[in-house]
Amino acid sequence: MAFDVDMIQRVYAGLGERIEAARQVVGRPLTLSEKILYSHLFAGAGTSAQPTQAYERGKAYVDFAPDRVAMQDATAQMALLQFMQAGRPQVAVPSTVHCDHLIQAEVGADKDLDIAKSKNKEVYDFLASISNKYGIGFWKPGAGIIHQVVIENYAFPGGMMIGTDSHTPNAGGLGMIAIGVGGADACDVMAGLAWELKMPKLIGVKLTGKLSGWASAKDVILRVAGILTVKGGTGCIVEYFGEGAESLSATGKGTICNMGAEIGATTSIFAYDEAMANYLRATSRADIADAAEAVKAHLRSDDEVYADPATYYDQLIEIDLNTLEPHINGPFTPDLAWPLSNFAKAVKENGWPEKLEVGLIGSCTNSSYEDLTRSASVAAQAVSKNLKVRSEFTVTPGSELVRFTAERDGLLGTFEDMGGVVLANACGPCIGQWARHMDDPTRKNSIITSFNRNFAKRNDGNASTHAFVASPEIVTALAIAGDLTFNPMTDKLTNENGEQVKLDEPQGIEQPVKGYAVDDAGYQAPAEDGSGVQVIVSPTSDRLQLLAPFAAWEGTDLTGLKLLIKAKGKCTTDHISMAGPWLKYRGHLDNISNNMLIGAVNFYNEKTNSVKNQLTGEYGEVPAVQRAYKAAGIGSVVVGDENYGEGSSREHAAMEPRFLGVRAILVRSFARIHETNLKKQGMLALTFANPADYDKIQEDDSIDITGLTEFAPGRPLGIVLHHADGTTDEFQANHTYNEGQIEWFKAGAALNIIRMKQNA
């Protein structure tokens, strides 16, 4: 079914006029990204404005009016607890909640789902009731992973959405600017306020040729990740174009956009084309396809951009799909890219465990019908060629629509015939919701997935697990071989008859021949009038906790702050607020704060979750030490390295330090979403003006932050380090706060301002 048809038609009705106005103020032809951004400028009460000025990329902060909001269940809890404080009777824009993160993979789909429904009943009931009250569409547990459900039901070419998950850009596969945010940003938009974003820079990726053989859309983004690294896309939209782009399916495009989160990109996008129209029609949205066809000239970059892309993009990359080789990325970081022909050598030279223990396909990145057909064509050969599958193998369908259709067409049966286990339509192992069956969790081992993220401990909580990322068909082939050094393009396997056999190239189709089918997609519409609906949160619950507003700034400089931790090296949101078993506390700020920074490596002792308590001189767990400072009325500072807060959009990584009394995060550089989340919660997000000043921080430092009484955009703040030996160091710290964000800091949080405006 097509949702929000009236809203989409309104967007298209004003598109041409706004884009022409944008061309006039910018004074040149426009890229697709610019067309969508300039046609979604905020006018007030969630409506779009006519462009009247040009905005400098990478510098100007701009207020936007997204068309919709999507939230997954782990982040929706805190987002909606915040929304309850805004004082509105209903959300201002179409919004949805998707129950996909809290289902743990252990045995198989049916049993795991039943356990999740029982175990998480309190949370699901809360989300269902609050959605019902405030006019939010609710997708029940088992309905599917948020991004697959969004691309099947809500994404539309030329639209703009935000989602409380870092892989929201998946909707770029249908030509939509879709951006991952924290729950506070979602709260703003649902409350009818502007959503602020620094005007992104633009990276153009020109695709030529056409994929063939073992190469797939996943290999495009694996290659791009290798080129740009995990922070190369920060502050940028990655826009794909060219004949190669048009040769990809809509869901293949979605895969590429989805994993763009791993290069730090604000989002990624493809222009509207025939593949998108086909997908819209296949998913019962012919009316949206027809509407898009009528404005298709506005749903692509201007011709001048494609003719001379280097003039219009800040950076240009070219990839020839004819020669693109399958890639395998990892371990421990998604940007360590290896062409398949070089991977076996890398495994041997680096001493990575060659035995492959588990292959996992699916997730929000690669769970389309096309993905499953290509993988099933490889899996079928395990049976037909009498091969013994050497690794465990799991399949995670992206939605009930895909799962039901794949089961009808025999694809799931094919995976089960090769010994695979079909898991629930949920995130599962991709986000650490995996009760892995393993003899010794400390043993070095290798797994390979078609997921998007492979940080240490990400999938199974085990630091010794070497996780690699590849396409579903490569994962399937390597699982059959049970060997990381196997290259299905060139190598043979010995079957149970002692014969040497070679796997044939994968074959697949974009859409099911008999069309998609489903008995119950899992959608629950909200009440027409939710004023009488009660949202009940038990005061004794350990899963849910109503929020109290954060305190406003004191109006003075901050002095006598203690160093909580100087984090060494990579510090992602998984290190700051890990998922896995902690997901159950996502609606209880006090309880989940007990995981704050427990995965970060302390610079001074090379240990995790072990920092010096300056009040006692003893070492303790990070949350416990911070609670001691809070009890003593002492604020603290967290110091970090490059790209601090990389990874998930989870705002808990910002809310936990704020709740426990951390006053500032001082780092060499931030990941975009995390920096914004910190600002929203009234925290100071600061960067070393001179990155080498990181080395001046000592373990027993007390820290002053000066210049706050003159806090202003572009004006650095001062840092004074009081060392234990009586000496001091002083240096400057930069920030990216604008006037509005400074008001968030002064008020104690952006939400405090929303509430004040609503009550005015």
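Position 1 is the first residue of the sequence; numbering continues from there.
The minimum heavy-atom distance linking Pro429 with Thr396 is given by the pair CD-OG1, 4.4 Å. Between Asn454 and Thr333, the closest heavy-atom pair is OD1-C, 3.0 Å. The shortest non-hydrogen separation linking Ala424 to Ile103 is CB-CG2, 4.0 Å. The two residues Ser216 and Leu211 have their closest heavy-atom pair at C-CD1, 3.4 Å. The heavy-atom pair separating Gly587 from Gln77 by the smallest distance is N-OE1, 3.0 Å. Across all non-hydrogen atoms, the minimal contact from Ala382 to Ile480 is CB-CD1, 4.0 Å.
With a 6.0 Å radius and a threshold of 12 heavy atoms from other residues, nucleotides or ligands, Asn322 has its CG atom above the threshold. Remark: Lys584 NZ is loosely packed, at most 12 non-hydrogen atoms of other residues, nucleotides or ligands lying under 6.0 Å away. Around CD of Glu354, the count of heavy atoms belonging to other residues, nucleotides or ligands within 6.0 Å exceeds 12. Other residues, nucleotides and ligands contribute at most 12 non-hydrogen atoms within 6.0 Å of the NZ atom of Lys111. Residue Lys210 qualifies as open at atom NZ: its count of foreign heavy atoms under 6.0 Å is 12 or below.
Between Tyr240 and Leu248, every side-chain heavy-atom pair lies at or beyond the 4.5 Å cut-off. The shortest distance between side-chain heavy atoms of Leu583 and Ile431 falls below 4.5 Å. In this structure the side chain of Ile146 never reaches within 4.5 angstrom of the side chain of Trp139, judged on heavy atoms. Contact check for Gln511 versus Arg281: no side-chain heavy atoms found under the 4.5 Å cut-off. Between Val402 and Ser367 the shortest side-chain heavy-atom distance does not fall below 4.5 Å. Between Thr255 and Asp371, some side-chain heavy-atom pair lies under the 4.5 Å cut-off. In this structure the side chain of Pro488 reaches within 4.5 angstrom of the side chain of Ile474, judged on heavy atoms. Annotation: side chain of Asp409 is not in contact with side chain of Leu372 (no heavy-atom distance under 4.5 Å).
There is no side-chain donor-acceptor pair under 3.5 Å between Ser399 and Asn425. A donor atom on one side chain and an acceptor atom on the other are not found under 3.5 Å apart for Tyr585 and Asn595. Gln500 and Thr494 share a donor-acceptor pair across their side chains, judged by distance under 3.5 Å alone. Between Asn462 and Ser464, the side chains place no donor N or O within less than 3.5 Å of an acceptor N or O (distance only, hydrogens not considered). Side-chain atoms of Arg453 and Ser166 include a donor-acceptor pair closer than 3.5 Å. Between the side chains of Arg543 and Asn120, at least one donor-acceptor pair of N or O atoms lies under 3.5 Å.
In this structure, the side chain of Arg285 engages the main chain of Ala155 through a donor-acceptor pair within 3.5 Å. Formation of a donor-acceptor pair under 3.5 Å by the Lys218 side chain with backbone atoms of Ser450 is found in this model. Distance alone, capped at 3.5 Å, places no donor-acceptor pair between the Thr75 side chain and the Arg650 backbone. Counting only distance, with no hydrogens or angles, the side chain of Asp273 and the backbone of Met276 share a donor-acceptor pair below 3.5 Å. The backbone N or O of Ala517 lies less than 3.5 Å from a partner atom in the side chain of Thr405, making a donor-acceptor pair. Between the side chain of Asn258 and the main chain of Gly254, no donor-acceptor pair closer than 3.5 Å is present. Of the possible polar contacts, one joining the Ser391 side chain to the Leu356 backbone as a donor-acceptor pair under 3.5 Å is found. A donor-acceptor distance shorter than 3.5 angstrom exists from the side chain of Thr414 to the backbone of Gly410, with no hydrogens or angles considered. Using a distance-only test at 3.5 Å, with no hydrogens or angles considered, no donor-acceptor pair links the side chain of Asn452 to the main chain of Met259. Here the side chain of Glu325 pairs a donor or acceptor atom with the backbone of Ser341 at under 3.5 angstrom.
To the nearest 0.5 angstrom, Ser368 atom OG is 11.5 Å from Leu401 atom CG.
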Could you walk me through whether Val220 and Leu321 satisfy the side-chain contact (heavy atoms from CB on, under 4.5 Å) test, starting with their C-alpha distance in whole Å, then the side-chain angles of each, then the deciding distance to 0.1 Å, before giving a yes or no?
CA-CA 8 Å; Val220 175; Leu321 301 186; 3.8 Å; yes
Derivation and outcome, side-chain contact (heavy atoms from CB on, under 4.5 Å), residues Asn153 and Tyr523
CA-CA 11 Å; Asn153 295 276; Tyr523 176 70; over 6 Å; no
Could you give me the CA-CA distance, side-chain angles and deciding distance for Trp214 and Ser471, then say whether side-chain contact (heavy atoms from CB on, under 4.5 Å) is met?
CA-CA 9 Å; Trp214 285 90; Ser471 68; over 6 Å; no
List the steps and the verdict of side-chain contact (heavy atoms from CB on, under 4.5 Å) for Lys140 and Lys117.
CA-CA 10 Å; Lys140 295 179 285 188; Lys117 287 179 178 178; over 6 Å; no
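Using the six-membered ring where Trp is involved, His167 and His147 have ring planes that are perpendicular, over 60° apart on the 30 and 60° scheme. Note: Trp352 and Trp338 have perpendicular aromatic rings, judged against thresholds of 30 and 60 degrees for the angle between ring planes. Ring geometry, Tyr154 versus Phe3: the interplanar angle falls from 30° to 60°, so the pair is classed tilted.
With respect to the salt-bridge test (charged N to carboxylate O, under 4.0 angstrom), the residues Arg436 and Glu392 do not qualify. A salt bridge does not link Glu370 with Arg374: none of the charged nitrogens is closer than 4.0 Å to a carboxylate oxygen. A salt bridge is defined here as a Lys NZ or Arg NE, NH1 or NH2 lying under 4.0 Å from an Asp or Glu carboxylate O, and Arg458 with Asp574 meets this definition. Between Asp519 and Arg408 there is no salt bridge, since no side-chain nitrogen of the basic residue lies less than 4.0 Å from a carboxylate oxygen of the acidic one.
Only one option out of Arg586, His98, His101 pairs with Gln72 in a side chain to side chain donor-acceptor pair (under 3.5 Å); it is His101.
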